[in-house]
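I have placed the structure first, in the form of structure tokens, so that the comments after it can refer back to it.
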Amino acid sequence: MYEKIDKDYVLNTYARNYVNFKQGINATLYDEKGKDYIDFTSGIGVSSVGHGNARLANAICEQAKNLIYTSNLFLIEPQAKLAKKLAFLSGFDMATFFANSGAEANEGAIKIARKYGERNFNNKKYKIITLENSFHGRTITTVKATGQKSFHKSEFSPYPDGFSYDHNIKNIYKSIDDETIAVMIELVQGEGGVQPFDKKEIQDLAKFLKEKGLLLIVDEVQTGVYRSGEFLAANLYDIEPDIITLAKGLAGGVPIGAVMTKHKDIFEPGDHGSTFGGNFLSTRAGLEVLDILESYKNSGLLDESFLYFEEKLSEICKNYPNFFTEHVGLGLMRGFRCKDAETLTKIVKACFNEGLLVLKAGKNTLRMLPPLTISKDEINEGFKRMTSALDWMS
Ligand SMILES: *Cc1c(COP(=O)(O)O)cnc(C)c1O
């Protein structure tokens, strides 16, 4: 019934699957008929503390009863606390600007880089190098920053200047010219196919850029907030970027974006802003999510989960060589490289029919981003359903 309303009244930008979810409990979703689904997607890495999380719901309710919004012209206590918490958990002496999405956080990062280039060099440095198969957002600027030609549709042109794309990390060195100010990368490409980069290569690049006085922007919209197993993938890679962006999992589903930088004095009033960014509701939600996940990590439960998840991936990979060539990723950001794109589409559909939600990424990667709080039982049940789906296809 709502399918027709959706099609009549909502603009057609998503290849939607018309299941009507009514409720969620941790990594399990229930549709209107009461059928349950194990959620290996957390809504593309967003529902980091699971669905229906009581602590998050209570924090949001309490905050909503008091204050949802004033404006950034006044102090916002949970915003200040969340900024401090981000610095503490990352271990980086950084200050944060709050936005409402990943793309917006990346817009902020690009503005910081451009101002830095203007302020610190005699010639105008404004160019930003990104990587092929990257994904940085859907605004006109961040879609241009995205290194996938298929996203640069001509009907939306003209796009802003100042972006170029390299095939891999090694090629970046040759592409840096006198107008380059920054390199912007994901440490594990998410949309591009759950592709982690080599630690040493990243550390060498970070060191090189630092020596040249150029900026390293790490887009942690997907990898951040414990998705990689550490608070930031930058922590896992043992680098200290100049700018880090966060969004997806940060407030457990409440819209939020954040750009952190160690160049704390870069902006002055009027340089940047947002009506909704950093409001009481989203930052209070962010604080609760970080509290939940910090203790989850410290208790060892997060590490246990991703090691257990990894075991299951190895098993499936070994048992179904006709479908999968390898498993990829880290933490709870995982994937299977599939034989071909067509088979992948069929597997995603078969999993759905068995009551398991998984995602596609890149051309041939089956992607899994379960809630970080997924239980062992849910992991078992999810892979059981995946096995049924694969057996059905065999
Ligand atoms: C999802 C994503 C974005 C875009 O975030 P939105 O909230 O959709 O704007 C940017 N970068 C990366 C790495 C992402 O995964």
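Order of listing sets the numbers, starting from 1, for every ligand and every atom in it. Heads up: numbering here begins at 1 and tracks the sequence.
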Looking only at protein heavy atoms, which one is nearest to atom 11 (N) of ligand 1, and how far off is it? D219 OD2, 2.8 Å
Can you check whether A247 has an N/O within less than 3.5 Å of an N/O in ligand 1? no
Just need the protein heavy atom nearest to atom 9 (O) of ligand 1, so name the residue and atom and give the distance. A103 N, 2.8 Å
Hey, are K297 and D303 close enough for a salt bridge, meaning a charged N less than 4.0 Å from a carboxylate O? yes
Give the atoms of ligand 1, by number and element, whose distance to some non-hydrogen atom of E186 is under 4.0 Å. 13 (C)
In terms of the angle between their ring planes, are F231 and Y226 parallel, tilted or perpendicular, with boundaries placed at 30° and 60°? perpendicular
Considering only non-hydrogen protein atoms, determine which one is nearest to atom 5 (O) of ligand 1 and report residue, atom name and distance to 0.1 Å. G102 CA, 3.3 Å
Per-atom filter on ligand 1: closer than 4.0 angstrom to a heavy atom of Q222 are 15 (O)
Should the proximity of N106 to ligand 1, defined as any heavy atom under 4.0 Å, be assigned to the side chain, the backbone, both, or neither? side chain
Any atoms of ligand 1 less than 4.0 Å from a non-hydrogen atom of S101? List them with their elements. 7 (O), 9 (O)
Ring centres under 6.0 Å, that's the criterion: do Y2 and Y18 meet it? no
Could you go step by step and tell me if E288 and R55 meet the salt bridge (charged side-chain N to carboxylate O under 4.0 Å, His left out) rule? CA-CA 7 Å; E288 197 64 25; R55 277 186 60 184; 3.1 Å; yes
Where is the nearest protein heavy atom to atom 14 (C) of ligand 1: which residue, which atom, and how far? K248 NZ, 2.9 Å
Please identify which of these residues, M386, E326, R367, meets the side chain to side chain contact (heavy atoms under 4.5 Å, CB included) condition with F336. M386
Given L214, which of D242, I176, V183 fulfils the side chain to side chain contact (heavy atoms under 4.5 Å, CB included) condition? I176
pair D204-Y173: side-chain heavy atoms closer than 4.5 Å: yes
Does any N or O of ligand 1 fall below 3.5 Å from an N or O anywhere on E104, backbone included? no
